[in-house]
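These numbers come from the heavy atoms of this one structure, side chains and all, not from hydrogens, waters or symmetry mates.
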Amino acid sequence: MLHTNNHLVIMAGGIGSRFWPMSTAEQPKQFIDVLGVGRSLMQLTYDRFQGITRPENVWVVTNEKYVNIVRQQLPEVPQENILSEPCRRNTAPCIAYVSWRIKKNDPKANIVITPSDHIVTNEMEFRRIITNSLKFTAETDAILTLGMKPTRPETGYGYIQADLSTPSARNKEIFRVDQFREKPDLETAKRYIAKNNFFWNAGIFIWNVSTIINAFRIYQPSMARIFEDLFPILGTPDEQAAINRMYPECEGISVDYAIMEKAEEIFVCPADFGWSDLGTWGSLHLQLAHDIYGNALIGNNIQMCDSKNCVVHVADMKKVVVQGLDGYIVAEKEGTLLICRLSEEQRIKNFTES
């Protein structure tokens with residue numbers, strides 16, 4: 001039975017175009033079918049929370065220019081639950097806005113915050129972890145984050161250092177956070193994964209609405225005052241105009257800096273459910289099924305000849321033949337073609353933005 005106070009917040013305002021030419025500033029990666037399964041990353045995010053919360057308790061915070069895309073892709077979500085940011089101000093203002101908005105509807109809300117563009121391969125374990133975490137935060141004043149068990153010395157993720165000596169009395173899988181660590185260099189990342197108490201920071205947070213609002217009041221009082229002033233008109237026809245006027249006054253700061261690194265009651269639940277943030281073509285290559293030569297293929301008619309360790313995403317093409325490539329990206333979208341070494345994908349960013 002669904003807990004009526006469970007709420008889901010999907011943050012979908014990013015402008016990620018790492019998967020160019022499939023993703024662009026007009027249609028970032030969260031809105032595209034990166035995996036070739038017929039559902040966008042945002043839709044897959046929504047899908048894996050089924051059974052945890054009701055559609056009317058799902059909220060999406062996005063940039064104003066993506067509101068219509070969200071409505072089209074998630075028709076189950078009430079239109080009034082799609083919150084429009086007039087400008088980008090990082091994750092702290094985004095979370096503050098939706099927290100005060102949810103409080104207006106449900107002062108007892110228990111909330112999970114998730115990015116819209118990550119993937120999970122073991123959804124059963126994911127649901128178990130999320131359900132247990134929501135129970136924990138419903139019974140405590142704790143701020144909880146999920147820590148992904150690292151599988152490699154990754155330099156593209158922040159890390160969470162946990163105190164594994166004593167678990168929480170309420171949940172033996174949950175521990176106090178010692179420290180949040182910035183994205184490390186390779187040698188530091190190797191030291192982290194050699195220990196058992198360092199976890200990738202996935203940016204998934206669970207808390208009670210009163211807990212997070214109190215944290216903003218303590219650690220970000222100027223931002224809290226903005227939303228306290230807005231509170232009487234949230235949920236009314238005047239909300240959007242007021243948000244458009246006041247939201248730009250919020251400091252552009254991540255919730256990690258604004259709250260997580262300052263608050264005292266911070267806990268982490270180590271988890272292992274096949275998580276990836278799909279930040280690069282290389283990370284996509286790791287997640288997809290491979291042929292015997294290490295090629296990951298998305299498309300209806302792809303023939304690989306003398307090629308290995310490639311990722312080919314050509315879902316819109318009638319037929320594609322690739323010969324003689326080792327470790328390449330081949331991607332096409334609406335007449336735009338990318339052919340690039342996987343090891344050099346960061347270097348093409350300037351070309352894709354011009």
Problem - Test: Lys183 and Glu154 ion pair at under 4.0 Å - result: no
Handout entry: Polar side chain donor-acceptor pair, Asp185 to Thr188, under 3.5 angstrom
Key = yes
Handout entry: Minimum side-chain heavy-atom gap Val177-Asp163 below 4.5 Å
Key = no
Problem - Hydrophobic cluster membership, Val209 vs Met223, 4.5 Å side-chain cutoff - result: yes
Exercise for the section: For residues Arg89 and Cys94, determine if any side-chain heavy atom of one lies less than 4.5 Å from a side-chain heavy atom of the other. Expected result: no
Practice task
Check the surroundings of atom CZ in Phe180: do more than 12 heavy atoms from other residues, nucleotides or ligands lie under 6.0 Å from it?
Solution key: yes
Problem - Distance (rounded to the nearest 0.5 Å) between Cys269 SG and Ile129 CD1 - result: 4.0 Å
Handout entry: Ile213 and Ser210, any side-chain heavy atoms less than 4.5 Å apart
Key = no
Exercise for the section: Using the side chain to side chain contact (heavy atoms under 4.5 Å, CB included) rule, take Gln179 and Glu261 through it: C-alpha gap first, then chi angles, then the decisive distance, then the call. Expected result: CA-CA 8 Å; Gln179 194 172 1; Glu261 295 187 3; over 6 Å; no
Problem - Carboxylate-amine/guanidinium contact Lys135 Glu139, below 4.0 Å - result: yes
Exercise for the section: Would you confirm whether Asn81, through its side chain, and Glu56, through its main-chain N or O, come within 3.5 Å as a donor-acceptor pair? Expected result: yes
Practice task
State the CD-CD1 distance between Glu123 and Ile130, to the nearest 0.5 angstrom.
Solution key: 11.5 Å
Exercise for the section: State whether Glu26 and Lys65 are salt-bridged, where the test is any N-O pair (Lys NZ or Arg NE/NH1/NH2 against Asp/Glu carboxylate O) under 4.0 Å. Expected result: no
Handout entry: Check: Asp106/Asn5 side-chain N/O donor and acceptor closer than 3.5 Å
Key = yes
Problem - Leu146 CG to Ile113 CD1 distance, which is reported to the nearest 0.5 Å - result: 12.0 Å
Practice task
With side chain to side chain contact (heavy atoms under 4.5 Å, CB included) as the test, would you mind laying out the steps for Val77 and Ile82 before giving the verdict?
Solution key: CA-CA 8 Å; Val77 176; Ile82 301 172; 4.1 Å; yes
Exercise for the section: Answer yes if the side chains of His7 and Asn110 hold a donor-acceptor pair under 3.5 Å, and no otherwise. Expected result: no
Practice task
Keeping the roles fixed (side chain from Gln79, backbone from Arg71), state whether a donor-acceptor pair exists under 3.5 Å.
Solution key: no
Practice task
Assess the side chains of Tyr247 and Glu85: does a donor N or O sit below 3.5 Å from an acceptor N or O?
Solution key: yes
Problem - Heavy-atom pair of closest approach, residues Ser133 and Ile206 - result: O-CG2, 3.9 Å
Practice task
Please assess Leu342 against Asn309 for the test side chain to side chain contact (heavy atoms under 4.5 Å, CB included), listing each intermediate value before the final yes or no.
Solution key: CA-CA 9 Å; Leu342 271 166; Asn309 306 318; 5.8 Å; no
Practice task
Keeping the roles fixed (side chain from Lys29, backbone from Leu278), state whether a donor-acceptor pair exists under 3.5 Å.
Solution key: yes
Practice task
State plainly whether one hydrophobic cluster holds both Ile143 and Val98, where clusters connect Ile, Leu, Val, Met, Phe, Trp and Tyr through side-chain heavy atoms under 4.5 angstrom apart.
Solution key: yes
Practice task
Take atom NZ of Lys108 as the centre, draw a 6.0 Å sphere, and report whether it contains more than 12 heavy atoms from other residues, nucleotides or ligands.
Solution key: no
Problem - Between CE on residue Met11 and CG on residue Leu83, distance to nearest 0.5 Å - result: 13.0 Å
Exercise for the section: For the residue pair Gln240 and Asn244, confirm or rule out a side-chain donor-acceptor distance under 3.5 Å. Expected result: yes
Handout entry: Student check: side-chain heavy atoms of Thr62 and Ser84 closer than 4.5 Å
Key = no
Practice task
Count the heavy atoms belonging to other residues, nucleotides or ligands that lie under 6.0 Å from CD of Gln323, then report whether that count exceeds 12.
Solution key: yes
Handout entry: Side-chain heavy-atom pair Ile160, Phe175 within 4.5 angstrom cut-off
Key = no
Exercise for the section: Kindly say whether the aromatic ring centers of Phe216 and Phe227 come within a distance under 6.0 Å. Expected result: no
Handout entry: Main-chain N/O of Arg39 paired with Gln43 side-chain donor or acceptor, under 3.5 Å
Key = no
Practice task
Give a yes or no on whether the backbone of Ile233 and the side-chain of Asp238 come within a donor-acceptor separation of less than 3.5 Å.
Solution key: no
Exercise for the section: Check the angle between the aromatic planes of Phe267 and Phe136 and answer parallel, tilted or perpendicular using the 30° and 60° thresholds. Expected result: perpendicular
Fill in the blank from the handout: Of all heavy-atom pairs linking Gly252 and Asn90, the shortest is C-CB, 4.1 Å
Problem - Beyond-backbone contact of Ile298 with Val314, side-chain heavy atoms, under 4.5 angstrom - result: no
Practice task
Would you kindly say whether Asp256 and Asn201 are connected by a side-chain donor-acceptor distance under 3.5 Å?
Solution key: yes
Handout entry: Validation row, ring centre Phe205 to ring centre Trp207 under 6.0 Å
Key = yes
Completion exercise
Taken to the nearest 0.5 Å, the spacing of Trp200 CH2 from Ile193 CD1 works out to 8.5 Å
Fill in the blank from the handout: For Ala315 and Asn300, the nearest pair of non-hydrogen atoms, with its separation, is O-ND2, 4.1 Å
Practice task
Using modelled atom types only, decide if a donor and an acceptor are shared between the side chain of Lys104 and the backbone of Phe231 within a distance under 3.5 Å.
Solution key: yes
Problem - Value rounded to 0.5 Å, distance of CD1 in Ile174 from OG1 in Thr145 - result: 11.0 Å
Practice task
Specify whether Trp281 and Phe19 have parallel, tilted or perpendicular ring planes, treating 30° as the upper limit for parallel and 60° as the lower limit for perpendicular.
Solution key: perpendicular
Practice task
State whether the side chain of Ser40 and the backbone N or O of Ile32 hold a donor-acceptor pair below 3.5 Å, judged by distance alone.
Solution key: no
Handout entry: Side chain proximity check, Met42 to Gln73, heavy atoms < 4.5 angstrom
Key = yes
Practice task
Begin with the C-alpha distance, continue with both residues' side-chain angles, and end with the deciding distance and a verdict on side chain to side chain contact (heavy atoms under 4.5 Å, CB included) for Thr45 and Thr114.
Solution key: CA-CA 8 Å; Thr45 300; Thr114 181; 3.8 Å; yes
Exercise for the section: May I ask you to decide if Arg48's main-chain N or O and Arg127's side chain share a donor-acceptor pair within less than 3.5 Å? Expected result: yes
Problem - Ser276 (side chain) donor-acceptor with Ile119 (main chain) under 3.5 angstrom - result: no
Exercise for the section: Begin from the C-alpha positions of Glu187 and Lys190 and carry the test salt bridge (Lys or Arg N to Asp or Glu O under 4.0 Å) through to its verdict. Expected result: CA-CA 5 Å; Glu187 290 306 312; Lys190 288 179 179 178; 3.7 Å; yes
Handout entry: Side-chain touch His313/Val330, heavy atoms, less than 4.5 angstrom
Key = no
Handout entry: Ion pair Arg128/Glu173, N-O distance below 4.0 Å
Key = yes
Handout entry: Asn57 (side chain) donor-acceptor with Asn6 (main chain) under 3.5 angstrom
Key = yes
Practice task
State yes or no: are the ring centers of Phe49 and Phe126 separated by less than 6.0 Å?
Solution key: yes
Exercise for the section: Group every Ile, Leu, Val, Met, Phe, Trp and Tyr by side-chain heavy-atom contacts under 4.5 Å, then state whether Trp20 and Leu35 land in the same group. Expected result: yes
Practice task
Report yes or no: do Ile111 and Leu8 belong to one cluster of Ile/Leu/Val/Met/Phe/Trp/Tyr joined by side chain heavy-atom distances under 4.5 Å?
Solution key: no
Problem - same_hphob_cluster(Val312, Ile329) at 4.5 Å side-chain heavy-atom cutoff - result: no
Completion exercise
Closest heavy-atom pair, Ile243 versus Pro248, reported as atoms and distance to 0.1 Å, is O-CD, 3.9 Å
Problem - Closest non-hydrogen atom pair between Leu230 and Ala242, with its separation - result: CD2-CB, 3.5 Å
Completion exercise
Here the pair of heavy atoms bringing Pro55 nearest to Pro78 is O-CD, 3.5 Å
